[in-house]
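Working notes for the structure below.
Position 1 is the first residue of the sequence, and the numbers go up from there.
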Amino acid sequence: LHNQPKRAIPLLLQATTIDPGYTEAHRALGAAYLTLRQTDEAIRYLQIANMQVPDHTPTIHLLKSALQQRTMSAPPDEIATGSSTSPLATARSLRDAGDPTAALGVFALHDDAMRARSEWNAEYAVTLVIAGRRDDAIEKYRLVARQPPSAQPLAELAMLLLERSQGSDLSEARALSDRALQMAPDHVGALICRAELLAATGDPAGAVKTYDRVLGLLAADNSQRSMYEQR
């Protein structure tokens with residue numbers, strides 16, 4: 001049934017029902033649906049196969065092919081519609097499913113067409129952070145910082161620069177946190193960045209005062225309260 005995907009699919013579905021952990025059947029289902037250009041189903045089963053056996057080369061190859069098949073024909077304007085077939089929606093779903101590597105493949109494939117969009121760059125940056133590519137994330141966040149839609153990306157970029165602390169990173173982080181607080185004076189992330197900057201530049205009293213302000217903004221049951229109290 002190798003060249004007869006329509007006949008193979010019912011048998012493979014039966015196999016995965018009997019044994020949900022049968023990775024090869026999930027992979028074969030993905031390949032069969034890909035041949036039939038039923039890309040949503042292909043991606044679904046290939047994601048399952050990749051979660052069961054991560055980074056298996058044949059699965060990754062098929063998954064990338066399915067993503068390309070689904071997104072190549074999607075017009076750039078779909079990014080703003082929330083369409084489940086848009087490149088951004090595809091990348092988000094892969095990232096949220098625990099596969100930032102595949103998500104970055106989608107971002108890289110469409111970056112030339114999408115990089116003028118702030119939301120695209122922000123989501124790309126977040127995915128780069130999750131994948132451990134801090135320096136690349138900083139460059140993406142800098143694109144967002146030119147015309148930030150909110151204080152959030154400014155605060156996130158400031159924290160990444162503070163964490164790296166190379167060259168002019170601290171002065172850039174300070175300017176970004178100031179901009180973020182001008183946009184949203186009670187933005188917790190920007191206040192935390194300011195507190196850490198004060199501590200790093202020899203003003204522990206100012207850092208404590210700023211952290212007290214952060215604690216006043218957090219809910220009593222916030223899981224991060226104890227960490228900030230210790231700071």
Side-chain angles (χ1 to χ4, degrees), residues 20-21 23 26-27 29-31 33-34 39-74 76 78-145 148-150 152-164 166 169 173 176 189 192-193 223-224:
T23 303
H26 287 293
R27 187 184 308 115
L29 269 170
Y33 280 119
L34 183 61
T39 49
D40 286 344
E41 289 300 303
I43 290 169
R44 175 188 171 194
Y45 286 103
L46 291 169
Q47 284 177 332
I48 293 171
N50 191 48
M51 284 188 285
Q52 290 179 348
V53 182
D55 300 325
H56 182 60
T57 300
T59 304
I60 294 298
H61 177 75
L62 287 166
L63 184 56
K64 287 182 178 179
S65 296
L67 289 166
Q68 289 175 351
Q69 187 178 100
R70 187 168 82 171
T71 59
M72 283 298 288
S73 62
E78 281 193 1
I79 193 172
T81 69
S83 168
S84 62
T85 60
S86 74
L88 183 57
T90 299
R92 280 173 173 161
S93 65
L94 286 168
R95 182 187 69 202
D96 295 345
D99 195 347
T101 300
L104 288 174
V106 178
F107 279 118
L109 183 65
H110 294 277
D111 196 43
D112 286 344
M114 302 294 195
R115 67 176 54 177
R117 298 172 182 268
S118 182
E119 183 183 9
W120 174 264
N121 291 318
E123 294 287 347
Y124 199 161
V126 169
T127 309
L128 286 164
V129 171
I130 293 171
R133 292 169 54 181
R134 181 185 62 195
D135 291 350
D136 292 330
I138 285 171
E139 294 310 310
K140 277 295 174 186
Y141 269 121
R142 281 174 170 156
L143 295 177
V144 183
S150 67
Q152 185 66 25
L154 296 177
E156 290 174 358
L157 173 55
M159 288 301 293
L160 288 174
L161 290 165
L162 180 59
E163 177 187 301
R164 189 172 69 175
Q166 297 176 359
D169 284 351
L176 288 162
I192 291 169
C193 184
S223 60
Q224 294 182 312

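Residue Gly30 comes nearest to Ala42 through the heavy atom pair O-CB, 3.4 Å, listed as atom of the first residue, atom of the second, then distance. For Cys193 against Leu162, the heavy-atom pair with the smallest separation is O-CD2, 4.1 Å. Nearest approach of Leu46 to Thr59, heavy atoms of both residues: O-CG2, 3.5 Å. What you find for Leu161 and Leu176 is that their closest heavy atoms are CD1-CD1, 3.5 Å. The two residues Ala155 and Gly189 come nearest to each other via the heavy atoms CB-C, 3.9 Å. Heavy atoms only, all atoms of each residue included: Ala49 and Arg27 are closest at CB-N, 3.9 Å.
Between Tyr141 and Val129 the shortest side-chain heavy-atom distance falls below 4.5 Å. Between Met114 and Leu88, the closest side-chain pair of non-hydrogen atoms is not below 4.5 Å. Between Ile60 and Asn50 there is a side-chain heavy-atom pair separated by less than 4.5 Å.
With sequence neighbours left out, Glu139 forms a side chain to side chain contact (heavy atoms under 4.5 Å, CB included) with Arg142. Partners of Phe107 according to the ring-ring contact (aromatic ring centres under 6.0 Å, His included) rule, which considers only residues two or more places apart in sequence or in another chain, are Trp120, Tyr124. For Ala102, the side chain to side chain contact (heavy atoms under 4.5 Å, CB included) test picks out Leu63, Leu67, Leu94, Asp99, with sequence neighbours left out. Checked against side chain to side chain contact (heavy atoms under 4.5 Å, CB included), Pro100 has the following partners two or more places apart in sequence or in another chain: Thr127, Ile130, Ala131. In this structure Arg164 satisfies the salt bridge (Lys or Arg N to Asp or Glu O under 4.0 Å) test together with Asp135, Asp169, sequence neighbours excluded. Checked against side chain to side chain contact (heavy atoms under 4.5 Å, CB included), His61 has the following partners two or more places apart in sequence or in another chain: Ser65.
A distance-only check finds no donor-acceptor pair linking the side chain of Asn121 to the backbone of Val144 [under 3.5 Å]. A distance-only check finds no donor-acceptor pair linking the side chain of Arg95 to the backbone of Leu104 [under 3.5 Å]. No donor-acceptor pair closer than 3.5 Å links the side chain of Glu163 to the backbone N or O of Arg134. For His26 (side chain) and Gln47 (main-chain N/O), no donor-acceptor pair under 3.5 Å exists by modelled atom type.
In this structure, CG on Leu29 lies 9.0 Å from CD on Glu41, to the nearest 0.5 angstrom. The CD1 atom of Ile43 sits 11.5 Å away from the CG atom of Leu62 when rounded to the nearest 0.5 Å. Atoms CD and OG1, from Gln52 and Thr23 in turn, are 3.5 Å apart once rounded to the nearest 0.5 Å.
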Output, in order, the C-alpha distance, side-chain angles, deciding distance and verdict of salt bridge (Lys or Arg N to Asp or Glu O under 4.0 Å) for Lys140 and Glu156. CA-CA 11 Å; Lys140 277 295 174 186; Glu156 290 174 358; over 6 Å; no
